[in-house]
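This report concerns only the one structure given below.
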There are 2 protein chains.
Amino acid sequence: MAGTRRHGAGRGRPTLEEVAARAGVGRGTVSRVINGSPRVSDRTRTAVEQAVAELGYVPNRVARALAANRADAVALVIPEPETRLFAEPYFSDIIRGVGAELADTDLQLLLTLIRTPKERQRFAEYLSAHRVDGVLLVSVHADDPLPDLLERLEMPAVLSGRRSAHESVPYVDSDNTGGAQSAVEHLIGRGRTTVATITGPLDMYVAQCRLDGYRAAVRAAGREPEPELVASADFTEEGGRRAMRQLLEQRPHLDAVFAASDVMAAGARQVLRESGRRVPEDVAMVGFEDSAVARHMDPPLTSVRQATEEMGRAMVRVLLEEIEGPSERPAKRPQVVLPTQLVRRESL
Amino acid sequence: MAGTRRHGAGRGRPTLEEVAARAGVGRGTVSRVINGSPRVSDRTRTAVEQAVAELGYVPNRVARALAANRADAVALVIPEPETRLFAEPYFSDIIRGVGAELADTDLQLLLTLIRTPKERQRFAEYLSAHRVDGVLLVSVHADDPLPDLLERLEMPAVLSGRRSAHESVPYVDSDNTGGAQSAVEHLIGRGRTTVATITGPLDMYVAQCRLDGYRAAVRAAGREPEPELVASADFTEEGGRRAMRQLLEQRPHLDAVFAASDVMAAGARQVLRESGRRVPEDVAMVGFEDSAVARHMDPPLTSVRQATEEMGRAMVRVLLEEIEGPSERPAKRPQVVLPTQLVRRESL
DNA sequence: AGGTACTGTGGGAGCGCTCCCAGGTTGATG
DNA sequence: CATCAACCTGGGAGCGCTCCCACAGTACCT
């Protein structure tokens, strides 16, 4: 690797030392001014600022990182299985939120896609290689070893979504249970009596929560959740199709479906159409996520919206806190749960 | 800003020096082994490798970057207007491609969202601050000053899409003209006689190219493009609706529409439905981009697929070349144009 | 006038690498 | 057996910054 790598910008740029010379002060003083230390007299500060302006000085962040032993950067890690799912706006919304919140900082955003075990290994080396001050972990599976690795390395980290009810790492999550519950309550409130659900993979906590929400709503309506009305899938369109077929076979007369993701709802909708059922007349539908898919379905799908961009922002805020002063061991780890909102469209 | 930033991992990690001591060699030698220099004897190399393994040594990339005057990182820059558009798979596909190609390198990916002028300013400082070796610029507008700034700074850069027919900066683009042409030829080949088009904003070269392709296909069929069959929009759904209404008004009997993006096609489709026209029986449709929207439309939309992920990969390849040895001034700048492919679905 | 307590300030000592030069080995050659 | 190139190798000299210690000044006490 490597070779003659060019240096483009930065070649011959002024250094701290040159600024100091120009301002007629010492290096330390310039550093103090740059970093906004209060222990500098106004006269000196002004002189330095002028020299900085005249020379067009920009601190070399690499040198700073080395000297200060920090990286001024955080990594956003996206593990493979999710990489696909994230054609959905979820992905870009998170990024947008993270980017927006980071913009006020002088931290940089490193994007890390982890596909293969080799890349995972490589990532572990990042961490050891001093490149980041903290890590944002998107959508981890229950058995993902990454969060624990980070904890062992004492690397500040924040999860989007938690792995279980007793997540030990700081996280930001949506109110999945509440969102699902309100969706199903809506369906029941509109007079539907036989509400089925298509769940995500139940080894994912998020899927479990949405199922819990479904059950809670059913119980709240004075009924008992029936196993024949629950089919689990994997958050994919094809999974949604399969699950819908299964449900239709078990309960041909169901009159509503709550799908734990819009994409699964889209798959289910196709099966419904093939079977000659109308939406929402025969079967009402509600999805989860409020993605573009929901808006473009026919009829447009009612869905549970998550505050995805806000999740990104919140993750950064929590991470900054962790970086500044890590929370005590098992103690009060910051955990944020953001509300969801039902977006009504025509699927009922 | 800043404060007591923690150092997490990396604290007390072994250094080059320690490895050297353990292996009983000098610093320089260890460095040579780490960087795969051939001028090291096998004996020595083995000894060093063993010491590295025993100590779990990982080079400190920050120190390396400072000493070698390079950053080992490239930036992917996404200007605001696009940030929205990119809820579409385009965005994540590019990222996926970039990530994949970068994985074989030891370059890191810095994601930079530019929303405000202030952030643009900040970005310019990055460049001066020695943080990246090169820049990947996504979807620049014709009047974007960034490419020229990069050129002035002699910062290697690659664009996705070009700003005009005479793009001076290296770029990777899709064959927009060819894709549009094949789409319209397909429509005509299926017997449609009155093919309209909804274009993107015509100050964007990509929109211009797709319109050119449309015209070329019409001419190839021995007809003359009619202005009443062209309506321009802005790549949004709402724009697609407006354009469709306009077209319908001007030419109520049109029997096909080529939309320069799937999202605009989705908008157009709604208007078509409201006006009682069936797709594809009354009006056939073809979109561009082959995004999720196309698959989920009713009926599923035939669309022109771009090799988006491959674009990301190609961008990285070109950038690496530029970093390794920048192409001469106006001379042979690398430019790659990737083929497109018509994906047939039910809209005809 | 001498002491104490602050502020401000300069600059040495690194941070952990890469670069590169000088010096030591080795082996082939005259 | 001396000579010279070719090859390895050690380690000094930075890269540009932050940290921190020590040394003024200045101000306010006794």
Side-chain angles (χ1 to χ4, degrees), chain A residues 1-5 7 9-48 51-52 55 57-72 106 128-131, chain B residues 1-5 7 9-48 51-52 55 57-72 106 128-131:
Chain A
M1 56 127 297
T4 335
R5 201 157 280 159
H7 323 121
R11 252 270 146 279
R13 295 206 68 78
T15 69
L16 239 208
E17 197 105 27
E18 295 174 57
V19 174
R22 173 134 196 158
V25 301
R27 245 176 27 251
T29 303
V30 177
S31 176
R32 253 162 260 148
V33 172
I34 299 292
N35 294 295
S37 158
R39 358 189 98 270
V40 181
S41 71
D42 286 344
R43 277 177 57 82
T44 313
R45 161 166 291 116
T46 309
V48 170
V52 165
L55 261 34
Y57 170 74
V58 178
N60 180 325
R61 308 190 60 165
V62 176
R64 176 189 301 210
L66 179 60
N69 192 32
R70 58 188 154 93
D72 282 337
D106 64 344
S128 313
H130 253 312
R131 290 292 284 210
Chain B
M1 64 125 304
T4 336
R5 201 156 282 157
H7 322 121
R11 253 269 146 279
R13 295 205 67 80
T15 70
L16 238 208
E17 196 105 30
E18 294 175 58
V19 174
R22 172 131 195 165
V25 300
R27 245 177 27 251
T29 303
V30 177
S31 175
R32 253 162 259 146
V33 172
I34 298 292
N35 294 296
S37 158
R39 0 191 93 273
V40 181
S41 70
D42 285 345
R43 277 178 57 83
T44 313
R45 162 166 289 115
T46 310
V48 170
V52 165
L55 260 35
Y57 170 74
V58 177
N60 180 326
R61 307 192 60 169
V62 175
R64 175 187 304 208
L66 179 60
N69 191 33
R70 57 187 154 97
D72 282 338
D106 63 346
S128 314
H130 252 313
R131 290 293 284 211

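Throughout, a chain's letter reflects where its sequence line sits, starting with A, and its residues are numbered from 1. Nothing here was measured: the structure is a model prediction, and the numbers come from that model.
The distance between atom CZ of B:R13 and atom P of C:dG16, rounded to the nearest whole Å, is 12 Å. Computed from coordinates, the B:N60 CG to C:dT18 C1' distance equals 13 Å when rounded to whole Å. To the nearest angstrom, C1' of D:dC19 lies 13 Å from CG of A:L16. To the nearest angstrom, P of D:dG16 lies 15 Å from CD1 of A:I34. Between B:R22 atom CZ and D:dG10 atom P the separation is 17 Å, expressed in whole Å. Rounded to an integer number of Å, the gap from CZ of A:R61 to C1' of C:dC15 is 17 Å. To the nearest angstrom, P of C:dG11 lies 9 Å from CD of A:E17. Put simply, CG on B:N35 is 7 Å from P on C:dC19, counting in whole angstrom units.
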Report, one pair per line, the protein and nucleotides 12-14 of chain C atoms (nitrogen or oxygen only) whose separation is under 3.5 Å.
from: C:dG12; atom 1: N7; to: A:R27; atom 2: NH2; distance (Å): 3.2
from: C:dG12; atom 1: O6; to: A:R27; atom 2: NH2; distance (Å): 2.6
from: C:dA13; atom 1: N6; to: A:R27; atom 2: NH2; distance (Å): 2.9

Dump the pairs, protein N or O against N or O of nucleotides 6-8 of chain D, anything under 3.5 Å, distances to one decimal.
none

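Comparing the helix axis at one end of the helix from C:dA1-D:dT30 to C:dG30-D:dC1 with that at the other, each defined from 5 consecutive pairs, gives an inter-axis angle of 60° (nearest 10°).
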Just distance, no hydrogens or angles: give the donor-acceptor pairs under 3.5 Å from side chains in residues 57-68 of chain A, sequence neighbours left out.
from: A:N60; atom 1: OD1; to: A:V62; atom 2: N; distance (Å): 2.8
from: A:N60; atom 1: OD1; to: A:A63; atom 2: N; distance (Å): 3.1
from: A:R61; atom 1: NH1; to: A:D106; atom 2: O; distance (Å): 3.3
from: A:R61; atom 1: NH2; to: A:D106; atom 2: O; distance (Å): 2.3

N/O donor to acceptor pairs below 3.5 angstrom from side-chain atoms of residues 21-31 of chain A, sequence neighbours left out:
from: A:R22; atom 1: NE; to: A:E54; atom 2: OE1; distance (Å): 2.6
from: A:R22; atom 1: NH2; to: A:E54; atom 2: OE1; distance (Å): 2.7
from: A:S31; atom 1: OG; to: A:N35; atom 2: ND2; distance (Å): 3.4

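With the nearest nucleotide of DNA chain D identified for both B:V25 and B:A63, B:V25 has the one nearer the 5' end. The nearest heavy atom of DNA chain D to B:T29 and to A:V58 marks one nucleotide each, and the one closer to the 5' end goes with B:T29.
Applying the 4.0 Å criterion to OP1 and OP2 of D:dT18, one finds that A:N69 has every side-chain N and O outside that range.
The closest side-chain heavy-atom distance from B:T15 to B:E18 is below 4.5 Å.
The side chain of A:R64 sits closest to D:dC17 out of C:dT18, D:dC17, C:dG16.
Considering only residues two or more places apart in sequence or on other chains, B:S41 meets the side-chain hydrogen bond (donor to acceptor under 3.5 Å, both in side chains) condition with B:T44.
Atoms CZ and CD1, from A:R45 and A:I34 in turn, are 10.5 Å apart once rounded to the nearest 0.5 Å.
Using a 4.0 Å heavy-atom criterion, one finds that A:V62 contacts no nucleic acid atom at all.
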